[in-house]
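In what follows, a single structure is set out as structure tokens and then discussed.
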Amino acid sequence: MTAAPQIPLRLVESLRKVDRVAVLTGAGTSAESGIPTFRQAQTGLWSQFSPEELATPMAFAENPKRVWEWYAWRRELVTKARPNPGHLALAQLARRFPQFTLITQNVDGLHQQAGSQEVLELHGNILRTKCSREGRVVEKWTDTPAVPPPCPHCGAHLRPDVVWFHEALPQETLDRAMAAAASCQVFFSIGTSTVVSPAADLPFIAIRNGAVIVEINPEPTPLTESADYVLAGPSGMVLPELLTCLA
Ligand code: OAD
């Protein structure tokens, strides 16, 4: 079993003094809930599936059934998953700071399930469905053998409300995430390989604005060398430990 790294006292002391904290989470945060990450060798989704065939508007135009079914499979995994101690600790941590912005690349809604109040979802939410033509969120549609099912308003294919490669992120959410990164005193980057922009730019925006950077990840990433603190362990162990140290 992986041991949680020691939380440096200096970090705990700085956290006791700050008001503004921003957190960016990625797939690793949900790994301990049984949801596969994307880029890990062997187990990552992108080691078994091709993003070009499943997560682009072109893939959906070419084979909407394949894309819909792959997301239906992932939606089922997400529906069965429960928040892990890392998600729960983040929801608690939020209460300790006057300003706490939780930004996620995850589409699984587990932060909200764990009790986090306001979550900036940069890549959408797999549990939501929208019309592929008009973009409006659709809550209900009639049972039909058609895959994907048609939009009840205009008949176009329905699709998951997630951001695919080559698509823009929701602008207001991204603006708020960038503002939080630029103004925070401490920035946590947790469970992300830090390679997909613009999310991957956020810790570097925080660095340029003088924030203390804390990375929580068992593996090194392009951010590791620039981080002030690297807690190289699973977030489901490190975050509860951090919360205990702050108590
Ligand atoms: P990745 O799969 O690229 O990276 C997951 C990271 O989590 C890796 O750096 C792992 O080392 C780390 N990790 C694994 N288990 C962990 C644990 N228990 N605790 C902490 N860290 C752990 O996932 P993301 O960085 O989230 O986008 O990927 C970014 C985006 O690329 C995703 O949102 C998705 C994907 O393509 C879209 O689908 C648009």
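The basis for the numbers below is simple: all heavy atoms, side chains too, and nothing from hydrogens, waters or symmetry mates. Position 1 is the first residue of the sequence; numbering continues from there.
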Under a 4.0 Å threshold between the charged nitrogen and the carboxylate oxygen, would [Y] count as salt-bridged to [X]?
| X | Y | answer |
| --- | --- | --- |
| Glu13 | Lys17 | no |
| Lys130 | Glu167 | no |
| Arg176 | Glu118 | yes |

Could you measure the distance from the CD1 atom of Ile103 to the CE atom of Met178? Nearest 0.5 Å is fine.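 Separation between the atoms: 10.5 Å.
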
Shortest non-hydrogen separation from [X] to [Y] and the atoms involved:
| X | Y | value |
| --- | --- | --- |
| Arg133 | Ala156 | CB-CB, 3.7 Å |
| Leu202 | Ala181 | O-CB, 3.6 Å |
| Leu54 | Tyr71 | O-CE1, 3.4 Å |

Is Glu53 close to Trp70 at the side-chain level, that is, under 4.5 Å between some pair of heavy atoms?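 No. Closest side-chain heavy atoms not under 4.5 Å.
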
Considering residues at least two apart in sequence or located in another chain, which fulfil the side chain to side chain contact (heavy atoms under 4.5 Å, CB included) criterion with Ala91?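 Partners of Ala91 under the side chain to side chain contact (heavy atoms under 4.5 Å, CB included) test: Ser116.
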
Thr129 backbone acceptor or donor facing Asp161 side chain under 3.5 Å: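 Looks like no, no N/O pair under 3.5 Å.
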
side-chain hydrogen bond (donor to acceptor under 3.5 Å, both in side chains) partners for Thr37, two or more places apart: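 By the side-chain hydrogen bond (donor to acceptor under 3.5 Å, both in side chains) rule, Thr37 matches Gln40.
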
Between Phe97 and Phe100, how do the two ring planes meet: parallel, tilted or perpendicular, split at 30° and 60°?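 Aromatic pair Phe97/Phe100 classed parallel.
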
